[in-house]
Amino acid sequence: MSNDAIQTIIPGLWLVATPIGNLQDMTSRSIAVLTAAHVVCCEDTRHSGRLLKHIGAQPQRLIVANEHTEHDATSQVLDALAAGHIVALITDAGTPGISDPGERIARAAITAGYFVSATPGPAAFVMAVIISGFSTTRIAFDGFLPRAGAERRQRLTEITRERRTIVLYEAPHRLAKTIADLITVCDPERRVVLARELTKLHEETWRGTLTQALQHVCDIEPRGEYVIVLEGVSNSSDDVSDDDILEQLRVRKSAGLSNRDAVDEVSSVLDIARKRVYDLQIQQ
Ligand code: SAM
């Protein structure tokens, strides 16, 4: 697809990002696509109707795509695309397809050979991770954890040793339960950021350990929308250099520990194989 085609809003499916709280985050391209669209696909006609009115967009038709209707909406979108229409897909907030409807419709349009593009914009997890202060080099976006059962346990176990920064969405009334569950599988001292009501009047970024986070949410009775950002595990043996190990051994031996006790302690604290610490110790 040429650059010109992208600039001129051609017929096809456009996934349009909308604000996650602050209307000023609506981009000019998102407004242009919604204004040009013949058909707008949305989760809730009342909610999106207000946004469309605000920007002066008057689509010929609205299609409702929510978790119950996405299957049906997909065939309606395909029909509109077959008629040569510009179809814009929006959700109640943020980027379509991110813990929101959009994935199935996008895939169907791609499979059927239609033009598919997006106007990027707000997504709560991106904002939360960049203000977390944790590594942004490698990120694991996990959306909402399964509510219960083996699937939830499996995902929590994966988080235990995850080295990437992990981002989760959670409803306020389930925040304490999820943090408590994270404490059962992770180091309670693991650092976490709770990013609340991003871009809104009561935006707040809380930082601390998992233990402190549980205390915090029990104290405040959480309200509003939250993103949980959890620091990845860093003490993997690959991350620990020989110099780090030697330094840790030196500190312990000068504090009076025997070679054997120093090796045991360093291996345990850095979570690395005892043999590696022992081999370095005897080379000294
Ligand atoms: N599509 C959206 C996006 O791009 O971020 C996510 C929709 S998902 C149904 C809603 C969840 O996203 C909320 O429960 C919350 O975890 C997170 N979220 C959305 N807006 C937020 C905001 N302004 N502040 C914090 N979290 C937000």
Side-chain angles (χ1 to χ4, degrees), residues 6 12-27 29-31 33-34 37 40-45 47-48 51-52 63-71 73-74 77 87-111 114-132 134-147 151-152 155 158-159 162 164-172 174-175 178 192-200 203 205 224-230 232:
I6 302 288
L13 176 66
W14 293 80
L15 301 157
V16 175
T18 60
I20 55 170
N22 191 323
L23 271 183
Q24 291 183 57
D25 293 334
M26 190 77 192
T27 70
R29 284 188 79 226
S30 288
I31 292 173
V33 169
L34 287 173
V40 171
C41 193
C42 60
E43 281 184 274
D44 179 285
T45 52
H47 180 94
S48 293
L51 176 77
L52 295 172
I63 294 173
V64 175
N66 54 40
E67 56 182 317
H68 309 293
T69 65
E70 198 174 351
H71 177 74
T74 304
V77 167
V87 180
L89 190 159
I90 55 177
T91 60
D92 285 353
T95 298
I98 301 298
S99 299
D100 262 346
E103 175 188 316
R104 180 200 289 257
I105 292 174
R107 194 179 308 116
I110 294 161
T111 306
Y114 294 109
F115 168 79
V116 176
S117 189
T119 58
F125 86 88
V126 176
M127 176 163 171
V129 84
I130 62 172
I131 64 173
S132 70
F134 300 151
S135 170
T136 54
T137 310
R138 296 181 69 222
I139 301 160
F141 172 62
D142 245 2
F144 291 95
L145 289 177
R147 292 228 162 165
E151 230 189 310
R152 182 174 173 94
R155 292 269 285 277
E158 284 165 16
I159 289 172
E162 178 59 68
R164 294 170 292 180
T165 300
I166 300 140
V167 199
L168 302 172
Y169 284 165
E170 193 50 282
R174 294 185 52 85
L175 203 55
T178 290
V192 65
V193 166
L194 304 178
R196 170 175 179 262
E197 293 286 90
L198 295 171
T199 78
K200 302 186 203 175
E203 177 177 323
T205 310
E225 297 193 280
Y226 277 88
V227 182
I228 303 173
V229 189
L230 194 62

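- More than 12 non-hydrogen atoms from other residues, nucleotides or ligands lie less than 6.0 angstrom from NE2 of His47.
- The backbone N or O of Asp100 lies less than 3.5 Å from no partner atom in the side chain of Thr91, so there is not a single donor-acceptor pair.
- Between the Glu197 side chain and the Glu225 main chain, a donor and an acceptor come within less than 3.5 Å of each other.
- Within the 4.5 Å cutoff, the side chain of Val167 has heavy atoms near those of the Ile139 side chain.
- In this structure, Pro19 and Gln24 have side chains that are not in contact, with every pair of non-hydrogen atoms separated by 4.5 Å or more.
- The distance from the OG1 atom of Thr199 to the CD1 atom of Ile20 is 4.5 Å, given to the nearest 0.5 Å.
- When side chains are defined from C-beta on, Trp14 does not count as touching Leu89, because their heavy atoms never get closer than 4.5 Å.
- Each of Val227, Ile131, Thr205, Thr165 was evaluated against Val193; a single residue qualifies, Thr205, per the side-chain contact (heavy atoms from CB on, under 4.5 Å) test.
- Judged by distance alone, with hydrogens and angles left aside, the side-chain atoms of Arg152 form a donor-acceptor pair with the main-chain N or O of Pro146 at under 3.5 Å.
- Going from atom CD of Glu162 over to atom CZ of Arg138 covers 7.0 Å, rounded to the nearest 0.5 Å.
- Scanning all heavy atoms of the two residues, the minimum distance from Leu13 to Ala109 falls at CD2-CB, 3.9 Å.
- Checking Ile31, Thr27, Leu34, Val40 one by one against Val16, the side-chain contact (heavy atoms from CB on, under 4.5 Å) holds for a single residue, Leu34.
- Across Ile105 and Glu70, no two heavy atoms sit closer than the pair N-OE2, 3.7 Å.
- Nearest approach of Glu170 to Thr178, heavy atoms of both residues: OE2-OG1, 2.7 Å.
- Between Gly121 and Thr95, the closest heavy-atom pair is O-OG1, 3.8 Å.
- For the pair Phe141/Val129, no side-chain contact is recorded, criterion being any heavy-atom separation below 4.5 Å from C-beta on.
- Shortest non-hydrogen contact noted between Gly224 and Pro172 is O-CG, 3.1 Å.
- Note: Asp44 CG to Leu51 CG = 12.0 Å, rounded to the nearest 0.5 Å.
- A donor-acceptor contact shorter than 3.5 Å is absent between the side chain of Tyr114 and the backbone of Ala108.
- Without hydrogens or angle criteria, Ser30 side chain to Thr18 main chain gives no donor-acceptor distance under 3.5 Å.
- Remark: Ser132 OG to Leu194 CG distance equals 11.5 Å, nearest 0.5 Å.
- Taking CD1 of Ile110 as the reference point, atom CZ of Phe115 lies at 11.0 Å (rounded to 0.5 Å).
- Distance alone, capped at 3.5 Å, places no donor-acceptor pair between the Thr119 side chain and the Arg29 backbone.
- Rounding to the nearest 0.5 angstrom, the gap separating the SG atom in Cys42 from the CG atom in Leu52 is 7.0 Å.
- For the side-chain contact (heavy atoms from CB on, under 4.5 Å) test with Asp142, the passing option among Ile228, Leu230, Ile159 is Ile159; the others fail.
- Remark: the backbone N or O of Ile90 is not paired with any side-chain donor or acceptor of Glu43 at under 3.5 angstrom.
- Residues Tyr169 and Ala123 approach most closely at OH-C, 4.4 Å, considering heavy atoms.
- The environment of CD in Glu158 is crowded: more than 12 heavy-atom neighbours from other residues, nucleotides or ligands sit within 6.0 Å.
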